[in-house]
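All values derive from a computational prediction rather than experimental measurement. Below, all heavy atoms of this structure are taken into account, side chains as well, without hydrogens, waters or symmetry copies.
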Amino acid sequence: MLMRSFTKREKIVMLVLALALIVGFYFLAIHYPVKTRLEEIELEKAEVDEQTMIASAMLANYNKMKTELEEIFAEQNENLTVMPEYDNKQTLIYYFNSVFAETAPNLQFSQARIEGNIASRSISFNFTADSFDSARSVLELLTGTGFRCSMDNITISPTEGDIEHDELRVSGNIVFYELVK
């Protein structure tokens, strides 16, 4: 029985079957695994590209912070400010007593506004100064506390006459920043 010769039709069927097996084997053993691996590689490449983009952004942020720190360390010690611990109100009041020793200021402390770990305390002030130079020195003392602060809404106007020769009304707002632990 094994020695029998196949008919032409049987040979064609066996050839078609063999080709189908070879094509099936190719798809199962080569095509689908390679296609799957290529898709995995594309996903990995996308992840690496995303991580590279994040790392580049972090590097840019790091370089920016490094530059800012270098600028801070290059400053003279009297220009550096610190952020005191919350609640620094009593220290500020004591300091203001020495700053406004020669004037009768009107100070209005607002409630501290806390955002995250930073508290900001706004203080409105107005006082009368004898001259522009004395007003300027008081304002420099206000911002020269050594504490982190920001001054805004400053108004300097003469009580009467002109700004060079008469008393001046000075008003404004200063915000002190404090660290909440």
Side-chain angles (χ1 to χ4, degrees), residues 42-181:
E42 282 297 318
L43 287 175
E44 289 173 5
K45 181 181 178 264
E47 287 177 18
V48 168
D49 288 343
E50 183 178 335
Q51 289 173 351
T52 303
M53 194 167 49
I54 290 171
S56 296
M58 289 174 65
L59 177 65
N61 192 25
Y62 170 78
N63 287 333
K64 178 183 169 198
M65 291 188 311
K66 184 178 177 185
T67 304
E68 288 175 2
L69 280 175
E70 288 171 354
E71 289 173 3
I72 289 171
F73 290 134
E75 295 232 0
Q76 298 173 355
N77 284 342
E78 62 266 5
N79 293 341
L80 293 179
T81 59
V82 296
M83 194 176 302
E85 287 187 31
Y86 177 78
D87 184 12
N88 194 37
K89 186 175 181 179
Q90 294 302 324
T91 307
L92 289 175
I93 290 173
Y94 178 74
Y95 183 77
F96 288 157
N97 284 336
S98 65
V99 169
F100 293 112
E102 298 176 9
T103 63
N106 179 12
L107 299 174
Q108 296 175 350
F109 287 79
S110 69
Q111 290 291 335
R113 194 176 70 214
I114 299 174
E115 294 179 15
N117 62 346
I118 305 293
S120 58
R121 183 182 307 281
S122 180
I123 303 164
S124 298
F125 60 88
N126 58 44
F127 62 93
T128 305
D130 295 335
S131 66
F132 183 78
D133 289 333
S134 66
R136 189 169 120 208
S137 69
V138 168
L139 292 175
E140 286 175 353
L141 286 172
L142 275 176
T143 58
T145 61
F147 299 135
R148 186 75 36 98
C149 65
S150 168
M151 189 177 293
D152 47 278
N153 299 329
I154 299 171
T155 304
I156 300 176
S157 60
T159 53
E160 56 185 59
D162 64 23
I163 199 166
E164 292 181 9
H165 301 98
D166 293 317
E167 281 189 337
L168 302 173
R169 278 189 303 266
V170 181
S171 63
N173 189 38
I174 187 167
V175 180
F176 284 92
Y177 299 97
E178 301 168 6
L179 184 63
V180 178
K181 289 191 175 187

Residues two or more places apart in sequence or in another chain: which of them pass salt bridge (Lys or Arg N to Asp or Glu O under 4.0 Å) with [X]?
X: Asp133; value: none
X: Arg169; value: none
X: Lys64; value: none
X: Glu42; value: none

> Could you walk me through whether Arg121 and Phe109 pass the side-chain contact (heavy atoms from CB on, under 4.5 Å) check?
Replying inline: CA-CA 7 Å; Arg121 183 182 307 281; Phe109 287 79; 4.1 Å; yes

Answer whether the closest heavy-atom distance between the side chains of [X] and [Y] falls below 4.5 Å.
X: Leu142; Y: Met151; answer: yes
X: Thr91; Y: Ile93; answer: no
X: Ile118; Y: Ile114; answer: no
X: Leu69; Y: Met65; answer: no

Take atom [atom1] of [X] as the centre, draw a 6.0 Å sphere, and report whether it contains more than 12 heavy atoms from other residues, nucleotides or ligands.
X: Glu68; atom1: CD; answer: yes
X: Gln111; atom1: CD; answer: no
X: Phe132; atom1: CZ; answer: no
X: Glu160; atom1: CD; answer: no

Can you give me the closest heavy-atom contact between [X] and [Y], atom names plus distance?
X: Pro158; Y: Leu168; value: CA-CD2, 3.8 Å
X: Phe176; Y: Ile123; value: CD1-CD1, 3.7 Å
X: Asn117; Y: Leu179; value: O-CD1, 3.4 Å

> For Glu115, what residues pass the side-chain hydrogen bond (donor to acceptor under 3.5 Å, both in side chains) criterion, not counting sequence neighbours?
Replying inline: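 Listed in chain order: Arg113.
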
About how many Å separate [atom2] of [Y] and [atom1] of [X], when rounded to the nearest 0.5 Å?
X: Ser134; Y: Glu167; atom1: OG; atom2: CD; result: 9.0 Å
X: Leu107; Y: Asn97; atom1: CG; atom2: CG; result: 8.5 Å
X: Glu47; Y: Thr52; atom1: CD; atom2: OG1; result: 11.5 Å
X: Ile154; Y: Ile174; atom1: CD1; atom2: CD1; result: 8.0 Å
X: Gln108; Y: Asn126; atom1: CD; atom2: CG; result: 7.0 Å

> Could you go step by step and tell me if Ser122 and Asn173 meet the side-chain contact (heavy atoms from CB on, under 4.5 Å) rule?
Replying inline: CA-CA 7 Å; Ser122 180; Asn173 189 38; 2.8 Å; yes

> Is there a side-chain contact (heavy atoms from CB on, under 4.5 Å) between Leu139 and Val170 once you walk through the steps?
Replying inline: CA-CA 9 Å; Leu139 292 175; Val170 181; 4.2 Å; yes

>> Going by the rule ring pair (Phe, Tyr, Trp, His ring centres under 6.0 Å), which residues pair with Phe127 if we only count those two or more places apart in sequence or in a different chain?
In response: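 Applying ring pair (Phe, Tyr, Trp, His ring centres under 6.0 Å) to Phe127 gives Phe100.
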
> Taking the side chain from Tyr95 and the backbone from Gln90, do they hold a donor-acceptor pair closer than 3.5 Å?
Replying inline: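 Absent.
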
>> Is it the case that the side chain of Ser150 and the backbone of Val175 share a donor-acceptor pair, with hydrogens and angles ignored and the cut-off at 3.5 Å?
In response: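 A pair under 3.5 Å: no.
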
>> Run the side-chain contact (heavy atoms from CB on, under 4.5 Å) test on Ile54 and Met58 for me, step by step, so that the C-alpha distance in whole Å, both residues' side-chain angles and the decisive distance to 0.1 Å come before the verdict.
In response: CA-CA 6 Å; Ile54 290 171; Met58 289 174 65; 3.9 Å; yes

